[in-house]
Amino acid sequence: MSKFTDKVKLVVSKIPAGKTMTYKEVASQAGNPKAARAVANIMSKNYDSAVPCHRVIRTDGSLGGYNRGGESAKRKILLSEGVKL
DNA sequence: GCGCTGACTGTCA
DNA sequence: ATGACAGCCAGCG
């Protein structure tokens, strides 16, 4: 496991409920502002229950994707946490 | 170690 | 505003 991956997971797990972070932001916090794709890749292939990746969305406001039910489920979770979409 | 893939992002037409 | 194109990065075969 690379340092970047670990950092990404840490950053995402630090996102408070009711808030969302873009892949770009997460990548930046992880140390690589250009690794937004890598972040998404990590989430899609290696989902971690300790990492609420449903709080990570696209920069344009789209939900992006979710490997545990799709965008619908993701949207539902976010709304449930009080996130305005 | 090389090449392909993907839950991305920014720029151009 | 929408669609296409290119650039970037980590993970996997």
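Heavy-atom basis, side chains included; hydrogens, waters and symmetry copies ignored. Since the structure is predicted, the reported quantities are computational estimates derived from the model, not experimental observations. By convention in this document, chain letters (A, B, ...) are assigned in the order of the sequence lines, proteins followed by strands, and residues within each chain are numbered from 1.
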In whole angstrom, what separates [X]'s [atom1] from [N]'s [atom2]?
X	N	atom1	atom2	result
A:M43	C:dA10	CE	C1'	13 Å
A:R37	C:dC8	CZ	P	11 Å
A:F4	C:dC9	CZ	C1'	7 Å
A:D60	C:dG3	CG	P	13 Å

Nearest heavy atoms of [X] and [Y], plus distance in Å:
X	Y	value
A:S13	A:A50	CB-O, 3.4 Å
A:K19	A:V83	N-CG2, 4.0 Å
A:A27	A:A35	CB-C, 3.8 Å

### Query
Between residues 19-34 of chain A and DNA chain C, which residues have a heavy-atom gap below 4.0 Å?
A:N32, A:K34

### Query
Within less than 4.0 Å of OP1 or OP2 of B:dT9, is there a side-chain N or O belonging to A:R58?
yes

### Message
Membership question, hydrophobic clusters at under 4.5 Å side-chain separation (ILVMFWY): are A:L79 and A:I57 in the same one?
### Response
yes

### Query
With respect to A:V8, which candidate in A:V12, A:D6, A:L10 satisfies the side-chain contact (heavy atoms from CB on, under 4.5 Å) definition?
A:V12

### Task
Ignoring the backbone of A:A40, work out which of B:dA7, C:dA10, C:dC9 is nearest its side chain.
B:dA7

### Query
Taking any strand in view, what nucleotide pairs with C:dC8 in a Watson-Crick or G-U wobble way, both distances under 3.5 Å?
none

### Task
Would you mind pulling out the nucleotide paired to B:dA7, Watson-Crick or G-U wobble, both distances under 3.5 Å?
none

### Task
Run the numbers on A:L63 and A:L78 for side-chain contact (heavy atoms from CB on, under 4.5 Å), then give the verdict.
CA-CA 10 Å; A:L63 297 179; A:L78 291 174; 3.5 Å; yes

### Query
Between A:R58 and A:G64, is there a donor-acceptor pair closer than 3.5 Å when you use the side chain of the first and the backbone of the second?
no

### Message
For A:A40, is there any backbone N or O sitting under 3.5 Å from a side-chain donor or acceptor partner on A:S44?
### Response
yes

### Query
Between A:T59 and A:Y23, is a side-chain contact (heavy atoms from CB on, under 4.5 Å) present by the stated rule, with each step listed?
CA-CA 7 Å; A:T59 306; A:Y23 291 97; 5.9 Å; no

Pairwise N/O distances under 3.5 Å, protein to nucleotides 11-13 of chain C:
unit_1 : atom_1 : unit_2 : atom_2 : d
C:dG11 : OP1    : A:S2   : OG     : 3.4
C:dG11 : OP1    : A:T5   : OG1    : 2.2
C:dG11 : OP2    : A:S2   : OG     : 2.6

